[in-house]
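A quick write-up on the structure given underneath.
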Amino acid sequence: MKLSRKIEKALNSQLNLELSSAYAYLGMAAYFESTPFTGFAKWMQAQSAEEIDHAKRFFKYIVERGGKVDLQAIPASPCDYPSPLAAFKAALGHEQKVSASICAIFELAAAEKDYPTQSFLKWFLDEQVEEEQNVGEMLAKLELVGDHTMGIVHLDHQAGRRGGEDQKD
Ligand code: FEO
């Protein structure tokens with residue numbers, strides 16, 4: 001069962017969005033590298049690496065289904081943010097956009113009765129719940145500590161531990 005042109009196009013757009021996500025997180029990592037918050041920088045690097053993995057999953061699936069990979073341009077990403085809170089807010093907005101996009105492709109696949117694509121996308125639906133939760137939790141904590149420097153330093157330390165764990169996987 002070959003991919004329809006419509007689904008092929010949607011999967012290629014998602015491949016691009018995942019690579020754009022990797023680029024966005026790399027920009028956030030660059031911002032944190034210019035601050036004393038090395039833990040957040042590590043966290044963003046780990047997120048960026050995960051997004052590359054997501055993109056590769058789309059690449060592989062398009063090929064497996066006899067489709068044609070189409071690598072589109074990746075938009076520029078900001079490397080400056082007014083605060084750690086602003087960076088994490090942007091990260092959550094980005095994840096919400098990715099979730100909506102995955103859902104839209106799932107709906108398209110359902111409409112076209114493309115069951116393999118629905119099955120493939122299930123992993124991403126679950127992953128997006130986790131991604132939004134991870135970013136959302138850190139954002140909530142940053143909102144809680146506000147301008148309290150020691151609170152931010154503590155969260156930075158926590159973020160650095162999570163980044164380290166991810167990079168070992
Ligand atoms: Fe691959 Fe964070 O979405």
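As the structure lists them, so they are numbered: ligands from 1, and atoms in each ligand from 1.
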Please determine if atom 1 (Fe) of ligand 1 has an N/O/S atom from Glu51 lying under 2.8 Å away.
yes
Could you tell me whether any N, O or S atom belonging to Glu18 is less than 2.8 Å from atom 2 (Fe) of ligand 1?
no
Tell me whether Glu95 has at least one N, O or S atom under 2.8 Å from atom 2 (Fe) of ligand 1.
yes
State, without any angle test, whether Glu18 and Gln14 hold a side-chain donor-acceptor pair at a distance under 3.5 Å.
yes
With distance as the sole criterion, is a donor-acceptor pair present between the side chains of Tyr25 and Ser77 under 3.5 Å?
no
Of all the N, O or S atoms in His54, which has the shortest distance to atom 1 (Fe) of ligand 1?
ND1
Tell me whether the rings of His54 and Phe124 are parallel (<30°), tilted (30 to 60°) or perpendicular (>60°).
perpendicular
Test side-chain contact (heavy atoms from CB on, under 4.5 Å) on Glu50 and Glu131; report intermediate values, then the result.
CA-CA 10 Å; Glu50 273 196 25; Glu131 297 263 280; 2.9 Å; yes
Quick one: does Leu3's side chain get under 4.5 Å of Asp114's, heavy atoms only?
yes
Strictly under 2.8 Å, is any N, O or S atom of Glu50 next to atom 1 (Fe) of ligand 1?
no
Output the atom name for the N/O/S atom of Glu131 with the smallest distance to atom 2 (Fe) of ligand 1.
OE1
